[in-house]
Engineer: 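Sending over a structure as structure tokens; questions will come in a sec.
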Amino acid sequence: MLDKKIYLGADHAGYELKEKIKQWLDLHNIPYDDLGNHILDPNDDFPDFAYRVAKTVKLKKSFGILLCGSAQGVCISANKVKGIRAVIPFSLKEARLSREHVNANIICLSGWFMRYHKATKLLETFLTTPFSKAPRHLRRLNKIRRIELSR
């Protein structure tokens with residue numbers, strides 16, 4: 001399905017779903033690296049894993065999967081890293097459009113509200129949809145890069 005290595009991270013609220021997603025990745029022969037947490041620790045903090053995954057995704061020019069309770073915290077944290085475009089899709093159309101239109105590189109999922117079956121459908125769509133490279137989408141990505149540079 002995909003030849004790029006995927007980087008995963010989750011806090012305690014996303015840990016259980018992350019472990020199930022790893023099994024799904026194994027089933028589909030998708031290479032991945034789990035950047036933590038490697039144990040269920042109710043005192044861990046989502047920004048640690050979001051930053052670790054976001055920096056690695058940027059460095060390796062790959063994709064990431066982040067999970068926390070609502071998905072909001074990891075998404076906000078990951079988007080602080082220059083070059084990261086993290087999204088929280090709740091529909092297959094949103095997952096597809098996030099790749100086609102904005103070349104999103106990290107998908108964020110809720111450990112509280114996302115069921116395994118829906119999560120894997122979103123992942124499949126996200127990981128297999130190419131960026132369109134349409135002139136309007138390239139223009140908009142360049143505008144995002146200029147915003148990043150102005151920080």
Side-chain angles (χ1 to χ4, degrees), residues 1-42 44-134 137-138 140-141 144-145 148:
M1 181 190 291
L2 189 71
D3 58 353
K4 290 183 178 183
K5 184 178 272 191
I6 308 300
Y7 298 92
L8 292 92
D11 70 355
H12 57 279
Y15 180 82
E16 182 180 331
L17 183 55
K18 177 183 65 108
E19 294 301 305
K20 290 177 182 176
I21 287 170
K22 286 167 43 178
Q23 293 174 1
W24 181 83
L25 293 169
D26 286 335
L27 183 66
H28 290 85
N29 296 311
I30 299 172
Y32 65 88
D33 194 359
D34 182 351
L35 301 182
N37 201 342
H38 301 291
I39 60 168
L40 181 57
D41 177 1
D44 62 15
D45 296 314
F46 63 80
D48 300 329
F49 308 108
Y51 181 71
R52 199 174 299 155
V53 168
K55 290 296 280 187
T56 305
V57 165
K58 179 183 174 185
L59 177 70
K60 303 288 186 177
K61 296 182 175 144
S62 190
F63 292 114
I65 303 169
L66 285 169
L67 302 97
C68 71
S70 67
Q72 304 296 332
V74 288
C75 191
I76 290 168
S77 300
N79 278 316
K80 299 295 181 186
V81 175
K82 182 180 170 183
I84 294 302
R85 292 169 306 282
V87 295
I88 309 170
F90 286 96
S91 70
L92 296 180
K93 184 174 184 176
E94 288 174 309
R96 180 178 53 80
L97 292 174
S98 72
R99 290 286 307 126
E100 286 178 353
H101 291 205
V102 297
N103 201 17
N105 48 15
I106 295 180
I107 184 170
C108 302
L109 301 172
S110 167
W112 292 335
F113 307 116
M114 184 66 58
R115 298 289 179 242
Y116 170 77
H117 179 72
K118 183 163 187 180
T120 58
K121 293 296 182 194
L122 290 170
L123 286 171
E124 182 175 6
T125 300
F126 184 85
L127 295 174
T128 60
T129 301
F131 176 52
S132 77
K133 298 182 183 174
H137 299 147
L138 290 168
R140 293 166 186 164
L141 276 181
I144 292 170
R145 285 186 193 101
E148 288 177 336

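Keep in mind that the numbers below use all heavy atoms, side chains included, and drop hydrogens, waters and symmetry copies.
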Engineer: In this structure, are over 12 heavy atoms from other groups packed under 6.0 Å from Lys80 atom NZ?
Structural biologist: no
Engineer: Can you tell me how far the CG atom of Asn37 sits from the CG atom of Asp48, to the nearest 0.5 Å?
Structural biologist: 9.0 Å
Engineer: Look at the aromatic rings of Phe126 and Phe63 and report parallel, tilted or perpendicular, splitting at 30° and 60°.
Structural biologist: perpendicular
Engineer: Using the salt bridge (charged side-chain N to carboxylate O under 4.0 Å, His left out) criterion, which residues pair with Glu94? Sequence neighbours excluded.
Structural biologist: none
Engineer: I'd like to know whether OH of Tyr51 has more than 12 heavy-atom contacts from other residues, nucleotides or ligands below 6.0 angstrom.
Structural biologist: no
Engineer: Write down the atom of Gly9, the atom of Val53, and the distance for their closest heavy-atom approach.
Structural biologist: N-CG2, 3.6 Å
Engineer: Anything under 3.5 Å between a donor and an acceptor, one on a side chain of residues 83-90, the other on a protein residue two or more places apart or in another chain? List them.
Structural biologist:
unit_1: Arg85; atom_1: NE; unit_2: Val102; atom_2: O; d: 2.9
unit_1: Arg85; atom_1: NE; unit_2: Asn103; atom_2: O; d: 3.0
unit_1: Arg85; atom_1: NH1; unit_2: Gly83; atom_2: O; d: 3.2
unit_1: Arg85; atom_1: NH2; unit_2: Asn103; atom_2: O; d: 2.9

Engineer: If you compare all heavy atoms of Phe131 against all heavy atoms of Leu141, which two are closest, and at what distance to 0.1 Å?
Structural biologist: CZ-CD1, 3.4 Å
Engineer: Does anything in residues 4-18 pair up under salt bridge (Lys or Arg N to Asp or Glu O under 4.0 Å), and if so which pairs, sequence neighbours excluded?
Structural biologist: Glu16-Lys20, Lys18-Asp34
Engineer: When rounded to the nearest 0.5 angstrom, what is the spacing between CD in Glu19 and CG in Leu8?
Structural biologist: 9.0 Å
Engineer: Between the side chains of Asp41 and His12, does any donor sit under 3.5 Å from an acceptor?
Structural biologist: no
Engineer: To the nearest 0.5 Å, tell me how far Ser91 OG sits from Lys121 NZ.
Structural biologist: 14.5 Å
Engineer: To the nearest 0.5 angstrom, please state how far the CG atom of Leu109 sits from the OG1 atom of Thr120.
Structural biologist: 10.0 Å
Engineer: Let me confirm one number: the CD-NZ distance from Glu148 to Lys82, rounded to the nearest 0.5 Å.
Structural biologist: 6.5 Å
Engineer: Less than 4.5 Å apart, side chain to side chain, heavy atoms only: is that true for Ile21 and Tyr32?
Structural biologist: no
Engineer: Which atom pairs, one a donor and one an acceptor, fall under 3.5 Å between side chains of residues 64-72 and the rest of the protein, sequence neighbours left out?
Structural biologist:
unit_1: Ser70; atom_1: OG; unit_2: Gln72; atom_2: N; d: 3.1

Engineer: Between Leu35 and Phe49, what is the shortest heavy-atom contact and its length?
Structural biologist: O-CD2, 4.0 Å
Engineer: With sequence neighbours left out, which residue pairs that include part of residues 99-111 fulfil the salt bridge (Lys or Arg N to Asp or Glu O under 4.0 Å) condition?
Structural biologist: Arg96-Glu100
Engineer: Side-chain contact, heavy-atom cut-off 4.5 Å: Ile106 with Tyr7?
Structural biologist: no
Engineer: Any side chain to side chain donor-acceptor pair (under 3.5 Å) involving residues 53-68? Give me the pairs, sequence neighbours left out, ordered by first then second residue.
Structural biologist: none
Engineer: Can you tell me how far apart CD1 (Ile30) and CD (Glu124) are? Round to the nearest 0.5 Å.
Structural biologist: 8.5 Å
Engineer: Is it the case that over 12 heavy atoms from other parts of the model lie below 6.0 angstrom from the NE2 atom of His117?
Structural biologist: no
Engineer: Determine whether Asn79 and Ser77 make a side-chain contact, defined as any pair of heavy atoms from C-beta on separated by less than 4.5 Å.
Structural biologist: no
